[in-house]
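In what follows, a structure is listed as structure tokens, so that the remarks can point back to it.
Index from 1, following the sequence.
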Amino acid sequence: MDGGTVDWNEARALAHSVAEPLAPDRLDPAAAVGTTLARPLLALIDLPSFDRSAMDGYAVRGTPPWTIRGRVDAGQTAGPALRPGEAREVATGAPVPEGTDGVLPYEQALRHEQSVTAAGIAPLGRHVRRAGEECRRGEQLAPVGTRVTPQLAALAAAVGNDLLEVHPRPLVGALLTGDELCSRGLPGPGAVRDAIGPMLPGLIGWAGGQPAGLTRLPDSERALAVALEAGSGQVLLVSGSSSAGPADHLRPCLERLGAELLVDGVACRPGHPQSLARLPDGTLVVGLPGNPLAALVAFLTLAVPVLAGLRGAAPPPLGTAHGPRLPRRPGVTTLIPVRVRAGVAEPVTHVGSAMLRGVAGADAIAVVGPGESLVRLIALPGGGC
Ligand SMILES: Nc1nc2c(c(=O)[nH]1)N[C@H]1C(S)=C(S)[C@@H](COP(=O)(O)OP(=O)(O)OC[C@H]3O[C@@H](n4cnc5c(N)ncnc54)[C@H](O)[C@@H]3O)O[C@H]1N2
Ligand code: MOO
């Protein structure tokens with residue numbers, strides 16, 4: 001194994017570059033939400049695929065009065081073409097007959113026995129959604145690499161797609177180490193409530209991964225080695241074993257398993273003891289420091305770009321802001337929970353690496369690089385920036 005502390009930007013870029021996109025899968029649009037397109041999204045039909053009414057009322061042709069010739073509901077066919085001076089009652093979404101100049105909504109219609117006139121100006125050209133006005137068959141609607149959102153899934157279905165070819169969401173397992181951890185109730189003497197476990201499933205989903213189980217382990221090299229070997233998923237997160245103490249087993253375990261150490265420490269505060277390694281079976285292991293804010297920072301630094309790479313997506317772009325009141329440290333990148341107001345990142349309190357109070361109320365993590373005047377922003381889940 002080799003390694004060494006790397007610059008924060010380099011670590012992030014490296015984490016993205018080592019993660020090869022997962023082999024594409026074909027999923028129906030709803031199941032594809034959260035994945036990334038491996039093929040462009042194409043329209044398989046014109047949308048709308050026929051001229052249709054945007055209002056409940058009368059499809060009309062020519063000038064009033066119009067003689068009413070039947071009715072069309074949604075899902076029916078439009079019937080014969082209208083001739084000048086004719087109307088057909090139509091429901092919203094129903095196909096309008098050939099020759100329709102516009103649709104007169106009921107509210108603007110004066111109905112007589114078998115004819116209708118307009119209460120105001122005749123609706124020439126109004127309230128008809130023309131075939132192909134949204135897109136044409138064969139048109140590309142989203143390129144490769146686009147994240148499938150619920151709204152993109154809706155569009156994909158609307159233009160006739162049953163299956164989308166996508167890079168699936170990577171499976172992410174988590175191993176939480178620490179003899180002192182308890183997961184329920186009030187901690188006894190010397191014990192600590194696990195705060196990383198409750199954070200990870202949400203973070204994994206937010207970053208485009210699929211949580212694949214969380215295992216709590218004692219501080220034992222053997223237990224960690226066995227769990228790493230048996231680990232399910234394309235990514236394994238390991239918390240609380242990253243430092244240099246006798247109970248910090250990640251490094252020796254990775255060595256023993258013949259892993260390739262890709263990142264061994266990052267020049268940032270907090271979170272410097274984070275790591276990234278590849279097991280011989282290809283599983284990527286991200287080492288998260290045990291202090292909870294440091295674990296979050298490491299997840300944002302290494303796990304987020306790894307998951308983007310596996311999904312065939314670019315690393316999430318960072319925002320920018322002014323941060324005149326943020327502390328700067330020479331030689332390292334500082335990651336500081338902030339609130340963002342009108343383009344200015346303001347520090348919050350309680351931001352020690354073992355603390356969560358500050359980050360729980362923050363909008364973003366400001367990335368304050370040595371010598372940078374503007375700061376970059378990593379948006380947090382639920383953050384308002
Ligand atoms: N000799 C050195 N000691 C330490 C160094 C160092 O460079 N040399 N780095 C410090 C820094 S910075 C960090 S961060 C921590 C990282 O430690 P580990 O990843 O080995 O984690 P632990 O030692 O087990 O735990 C640290 C701290 O975090 C608490 N913890 C652990 N897991 C959880 C959890 N799931 N939920 C809540 N809290 C957790 C744990 O109880 C400890 O208080 O090492 C420093 N030391
Ligand atoms: O990563 Mo440790 O970063 O400061 O608590």
Side-chain angles (χ1 to χ4, degrees), residues 10-42 140-153 155-157 161-175 199-215 227-239 254 257-263 274-288 298-317 378 381:
E10 260 175 62
R12 193 170 176 259
L14 197 135
H16 184 258
S17 68
V18 298
E20 290 286 319
L22 298 175
D25 204 350
R26 287 158 69 79
L27 299 178
D28 74 59
V33 170
T35 66
T36 311
L37 292 179
R39 280 214 183 169
L41 174 64
L42 298 182
Q140 178 177 314
L141 302 178
V144 166
T146 304
R147 177 104 175 239
V148 182
T149 56
Q151 54 276 27
L152 193 84
L155 174 65
N161 290 280
D162 292 332
L163 293 172
L164 300 180
E165 193 159 327
V166 294
H167 296 294
R169 293 158 69 207
L171 293 169
V172 185
L175 307 176
M199 173 164 76
L200 288 182
L203 278 179
I204 292 166
W206 170 78
Q210 219 174 324
L214 195 145
T215 309
L228 280 170
E229 265 196 305
S232 58
Q234 285 105 12
V235 178
L236 267 177
L237 307 173
V238 180
S239 74
L254 291 171
L257 295 174
E260 183 188 357
L261 193 60
L262 304 161
V263 174
Q274 58 187 292
S275 58
L276 174 64
R278 187 167 26 216
L279 292 176
D281 71 356
T283 304
L284 289 166
V285 178
V286 180
L288 307 175
F299 185 93
L300 298 172
T301 303
L302 295 177
V304 165
V306 159
L307 294 180
L310 293 171
R311 287 190 291 108
I378 308 173

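For Arg26, there are no side chain to side chain donor-acceptor pair (under 3.5 Å) partners at least two apart in sequence or on another chain. With sequence neighbours excluded, the residues forming a side chain to side chain donor-acceptor pair (under 3.5 Å) with Asp281 are Thr283, listed by chain and number. Residues satisfying the side chain to side chain contact (heavy atoms under 4.5 Å, CB included) criterion with Thr215, sequence neighbours excluded, are Leu175, Leu217. For Ser275, there are no side chain to side chain donor-acceptor pair (under 3.5 Å) partners two or more places apart in sequence or in a different chain. For Arg12, there are no side chain to side chain donor-acceptor pair (under 3.5 Å) partners two or more places apart in sequence or in a different chain.
Closest approach of Pro29 and Ala153 over heavy atoms only: O-CB, 3.4 Å. Residues Pro211 and Pro201 approach most closely at CG-O, 3.7 Å, considering heavy atoms. Closest approach of Pro316 to Ala308, counting heavy atoms only: CD-CB, 4.4 Å. When all heavy atoms of Gly287 and Ala298 are compared, the closest pair comes out as O-CB, 4.4 Å. Nearest heavy atoms, Pro170 versus Leu22: CA-CD1, 3.7 Å. Here the shortest heavy-atom pairing between Leu236 and Ala227 reads CD1-O, 4.5 Å.
Side-chain contact between Thr146 and Leu41 is absent, with no heavy atoms from C-beta onward closer than 4.5 Å. Pro315 has its side chain out of reach of Val304: every pair of non-hydrogen atoms, C-beta onward, lies at least 4.5 Å apart. Residues Asp25 and Thr35 fail the side-chain proximity criterion, which asks for heavy atoms closer than 4.5 Å. Annotation: side chain of Leu237 is in contact with side chain of Ile204 (closest heavy-atom distance under 4.5 Å). Side-chain contact between Leu200 and Leu288 is present, with at least one heavy-atom pair separated by less than 4.5 Å.
Between the NE2 atom of His167 and the CG atom of Leu37 there is a distance of 9.0 Å, given to the nearest 0.5 Å. A distance of 5.5 Å separates CG in Leu302 from CG in Leu276, rounded to the nearest 0.5 Å. We find the CZ-CG distance between Arg147 and Leu152 to be 11.5 Å, quoted to the nearest 0.5 Å. Rounded to the nearest 0.5 angstrom, Trp206 CH2 and Leu300 CG are separated by 5.5 Å. Within the model, atoms CG of Asn161 and CG of Leu155 stand 8.5 Å from one another, a figure rounded to the nearest 0.5 Å.
The main-chain N or O of Ala313 is found under 3.5 Å from a side-chain atom of His16 such that the two form a donor-acceptor pair. With hydrogens and angles disregarded, a donor-acceptor distance shorter than 3.5 Å links the side chain of Gln234 to the backbone of Leu171.
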Test side chain to side chain contact (heavy atoms under 4.5 Å, CB included) on Asp28 and Asp162; report intermediate values, then the result.
CA-CA 6 Å; Asp28 74 59; Asp162 292 332; over 6 Å; no
Stepwise, does the side chain to side chain contact (heavy atoms under 4.5 Å, CB included) test hold for Leu254 with Leu279?
CA-CA 7 Å; Leu254 291 171; Leu279 292 176; 4.1 Å; yes
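Sorted by first and then second residue, the side-chain hydrogen bond (donor to acceptor under 3.5 Å, both in side chains) pairs with a member in residues 300-317 read Trp8-Thr301, Thr36-Arg311; sequence neighbours excluded.
Annotation: Gln140, atom CD; neighbour count of heavy atoms from other residues, nucleotides and ligands within 6.0 Å is above 12.
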